[in-house]
Amino acid sequence: MQEKVALVTGGSKGLGKGIASNLASSGVTVIINFNRDQESADAVVHDIREKGGQAFAIQADVTREEEVNRLVAEAEKQTGRPINIVVNNATGPQPEYSLEEVTWDDYLDQLLFTTKAPLLLTKAVLPSMKEEKWGRIINIGSEVVELGNAHFSNYVTAKSAVVGMTRSWASELGEHGITVNAVHPGFTPVERHGEVSEETETSYLRDVPLKRMGEPQDIANAVRFLSSDDASFITGQNISVNGGKTF
Ligand SMILES: NC(=O)c1ccc[n+]([C@@H]2O[C@H](COP(=O)([O-])OP(=O)(O)OC[C@H]3O[C@@H](n4cnc5c(N)ncnc54)[C@H](OP(=O)(O)O)[C@@H]3O)[C@@H](O)[C@H]2O)c1
């Protein structure tokens, strides 16, 4: 993994931070992409470097094509190498709406992150991945695809697109040595969730066989494995990391 460069979108906090730190601990040079929170991104970079890893923070709104192209160019300039691993993780706000409340624009807001940003980024790194005949694209989905949560159809629909998109890209890119997989986390409390109430936790855990909430490192471990050569014969897969809540 030591010669690889990974780009983690939304790497400044939450699961992205865990994924970036985990990859860096395997020797991967990591680009921490963020949109607004420079301070948090810098803190992740600082933490990785303190532990002997290599990381750079680069601001870019990954839902905008010109910014994605700048992000990739800047990443290659800073590391002096092409990007080998892309983790499409960034997310915006995830409001819950009933069908009466939700609008088409609310659907589009989610699709920006689950399909538009991954598409822009993948297209931007594809030439170098094809040239190297090696690449890893890992899309972060969600267990909601299987749970089908009510009052959340904007998010559930958009995350469902990740499943088909991952399989289609895998079919197209396999012959170039590029694998494409999706990791579907369960409820994994991060900064934005604040304090999760005991009632919420108990109710969520009722049908989780492993009887605990997810931690960012659970998701990060799966991403690291899929990024490695050990996963070279795995592509087009949708892997749930949620203690068995869905099968
Ligand atoms: N945590 C969970 O329980 C859970 C469960 C299932 C699936 N997921 C999925 O896991 C992924 C990470 O979720 P999370 O909970 O870790 O989210 P989070 O803590 O809210 O972090 C979101 C990240 O995305 C970045 N971001 C937001 N808008 C962006 C943009 N336009 N361009 C670039 N970066 C942008 C944020 O950076 P700034 O703060 O700098 O803007 C931040 O680093 C998402 O795809 C989410 O749907 C999470």
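In listed order, ligands and their atoms are each counted from 1. Positions are given from 1, in the same order as the sequence printed here. Bear in mind that the values here come from a model prediction, so they are computed numbers and not experimental data.
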Undergrad: Which atoms of ligand 1 are found less than 4.0 Å from any heavy atom of Ala90?
TA: 24 (O), 34 (N), 35 (C)

Undergrad: Any nitrogen or oxygen of Gly10, main chain or side chain, under 3.5 Å from a nitrogen or oxygen of ligand 1?
TA: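 Yes.
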
Undergrad: Hey, which atoms in ligand 1 end up nearer than 4.0 Å to a heavy atom of Asn33?
TA: 33 (C), 34 (N)

Undergrad: To which protein heavy atom is atom 3 (O) of ligand 1 closest, and what is the distance rounded to 0.1 Å?
TA: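 Here the nearest protein heavy atom works out to Thr188 N, 2.8 Å.
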
Undergrad: If you look at every heavy atom in Val183 and Val241, which pair is closest and at what distance?
TA: CG1-CG2, 3.8 Å

Undergrad: Where is the nearest protein heavy atom to atom 31 (N) of ligand 1: which residue, which atom, and how far?
TA: Asp61 OD1, 2.8 Å

Undergrad: Look only at interatomic distance and state if Thr63 has a nitrogen or oxygen under 3.5 Å from any nitrogen or oxygen of ligand 1.
TA: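 No: no nitrogen or oxygen of Thr63 is under 3.5 Å from one in ligand 1.
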
Undergrad: Identify the closest protein heavy atom to atom 28 (N) of ligand 1: which residue and atom is it, and at what distance?
TA: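 So the nearest neighbour among protein heavy atoms is Phe113 CE2, 3.6 Å.
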
Undergrad: Can you pull out every salt bridge (charged side-chain N to carboxylate O under 4.0 Å, His left out) where at least one residue sits in residues 135-154? Sequence neighbours excluded, please.
TA: Arg136-Asp229

Undergrad: What protein heavy atom lies closest to atom 39 (O) of ligand 1? Include the residue and the distance to one decimal.
TA: Lys13 NZ, 2.5 Å

Undergrad: Please check whether Pro189 reaches ligand 1 - meaning an N/O of the residue sits under 3.5 Å from an N/O of the ligand, judged on distance alone.
TA: no

Undergrad: As an exercise, identify every atom of ligand 1 less than 4.0 angstrom from a heavy atom of Asn89.
TA: 10 (O), 11 (C), 12 (C), 44 (C), 45 (O)

Undergrad: If you count the atoms of ligand 1 from 1 in the order shown, which ones are under 4.0 Å from a heavy atom of Gln94?
TA: 46 (C), 47 (O)

Undergrad: Mark the output for Lys159 as yes if a heavy-atom distance to ligand 1 is under 4.0 Å, and as no if none is.
TA: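 In this structure, Lys159 qualifies as a contact of ligand 1 - some heavy atom is under 4.0 Å.
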
Undergrad: Regarding atom 8 (N) of ligand 1: of the candidates Tyr155, Phe34, Phe187, which has the closest heavy atom?
TA: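 Comparing heavy atoms across Tyr155, Phe34, Phe187, the nearest one to atom 8 (N) of ligand 1 lies in Tyr155.
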
Undergrad: Closer than 4.0 angstrom: is that true for some heavy atom of Gly18 and an atom of ligand 1?
TA: no

Undergrad: Which of the numbered atoms in ligand 1 are below 4.0 angstrom from a heavy atom of Gly14?
TA: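 That gives atoms 16 (O), 19 (O) of ligand 1.
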
Undergrad: Give yes or no for whether the N/O distance cutoff of 3.5 Å, strictly under, is met between Val62 and ligand 1.
TA: yes

Undergrad: Taking all heavy atoms of Gly18 and all of Ala220, pick out the closest pair and write down the distance.
TA: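 Between these two residues, the closest heavy atoms are O-CB, 3.5 Å.
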
Undergrad: Does any N/O atom on Ser142 come nearer than 3.5 Å to any N/O atom on ligand 1?
TA: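 By distance alone, the answer is no.
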
Undergrad: Applying a heavy-atom cut-off of 4.0 Å, say which part of His193 lies close to ligand 1: side chain, backbone, both or neither.
TA: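 Only the side chain of His193 comes within reach of ligand 1.
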
Undergrad: Does the ring of Tyr204 carry Lys245 above it, NZ/CZ under 6.0 angstrom from centre and within 45° of its axis?
TA: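 Yes - Lys245 lies over the ring of Tyr204, closer than 6.0 Å to its centre and within 45° of its axis.
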
Undergrad: Quick one: do Trp169 and Val68 end up in the same hydrophobic cluster if we chain Ile, Leu, Val, Met, Phe, Trp and Tyr together by side-chain heavy atoms under 4.5 Å apart?
TA: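 Same cluster.
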
Undergrad: If you have a sec, work out which protein heavy atom is nearest atom 13 (O) of ligand 1 and how many Å separate them, to one decimal?
TA: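 Checked against all protein heavy atoms, atom 13 (O) of ligand 1 sits closest to Thr91 CG2, 3.8 Å.
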
Undergrad: Give me the nearest non-hydrogen protein atom to atom 30 (C) of ligand 1 as residue plus atom name, then the distance to 0.1 Å.
TA: Asn35 CB, 3.6 Å

Undergrad: Is there a polar contact between ligand 1 and Arg36, counting only N or O atoms under 3.5 Å apart?
TA: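 Yes.
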
Undergrad: Keeping to residues at least two apart or across chains, list the salt bridge (charged side-chain N to carboxylate O under 4.0 Å, His left out) pairs with something in residues 217-226.
TA: Arg212-Asp218

Undergrad: So, applying side-chain hydrogen bond (donor to acceptor under 3.5 Å, both in side chains) with Asn84, which one of Glu3, Lys4, Glu132 is it?
TA: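 Single side-chain hydrogen bond (donor to acceptor under 3.5 Å, both in side chains) partner of Asn84 among Glu3, Lys4, Glu132: Glu132.
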
Undergrad: Which residue in the set Thr115, Thr122, Thr114 passes side-chain contact (heavy atoms from CB on, under 4.5 Å) when paired with Met165?
TA: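 Looking at Thr115, Thr122, Thr114, the match for Met165 under the side-chain contact (heavy atoms from CB on, under 4.5 Å) is Thr115.
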
Undergrad: Identify the heavy atoms of Asn238 and His184 that sit nearest to each other, and give their distance.
TA: OD1-NE2, 2.8 Å

Undergrad: Which residue is it: Asn88, Val8, Val223, Thr9? I am looking for the one with a side-chain contact (heavy atoms from CB on, under 4.5 Å) to Ile140.
TA: Val223

Undergrad: Which atom pair, heavy atoms only, marks the closest approach of Pro95 to Gln110?
TA: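 Taking Pro95 first and Gln110 second, the nearest heavy atoms are CD-NE2, 3.8 Å.
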
Undergrad: Which ligand 1 atoms, with their elements, are less than 4.0 angstrom from a heavy-atom of Ala60?
TA: 32 (N), 33 (C)

Undergrad: Please check if atom NE2 in His46 has more than 12 non-hydrogen atoms from other residues, nucleotides or ligands closer than 6.0 Å.
TA: no

Undergrad: When you measure from the side chain of Asn33 to the backbone of Leu7, do you find a donor-acceptor pair of N or O atoms at a distance under 3.5 Å?
TA: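 A pair under 3.5 Å: no.
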
Undergrad: For atom 15 (O) of ligand 1, what is the closest protein heavy atom, and at what distance to 0.1 Å?
TA: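 Checking every protein heavy atom, the shortest distance to atom 15 (O) of ligand 1 gives Arg192 NH2, 2.8 Å.
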
Undergrad: Would you say Thr202's side chain and Glu198's backbone share a donor-acceptor pair under 3.5 angstrom?
TA: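 Yes; at least one donor-acceptor contact below 3.5 Å.
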
Undergrad: Tell me which protein heavy atom sits closest to atom 36 (C) of ligand 1, plus the residue, atom name and distance to 0.1 Å.
TA: Ser12 OG, 4.1 Å

Undergrad: Under 4.0 Å between a side-chain nitrogen and a carboxylate oxygen: does that hold for Arg70 and Glu67?
TA: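 Yes, Arg70 and Glu67 are salt-bridged.
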
Undergrad: In this structure, does ligand 1 have an atom that sits under 4.0 Å from one of the heavy atoms of Ser40?
TA: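 Per 4.0 Å heavy-atom rule, Ser40 does not contact ligand 1.
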
Undergrad: Do any N/O atoms on Glu191 end up under 3.5 angstrom from N/O atoms on ligand 1?
TA: no

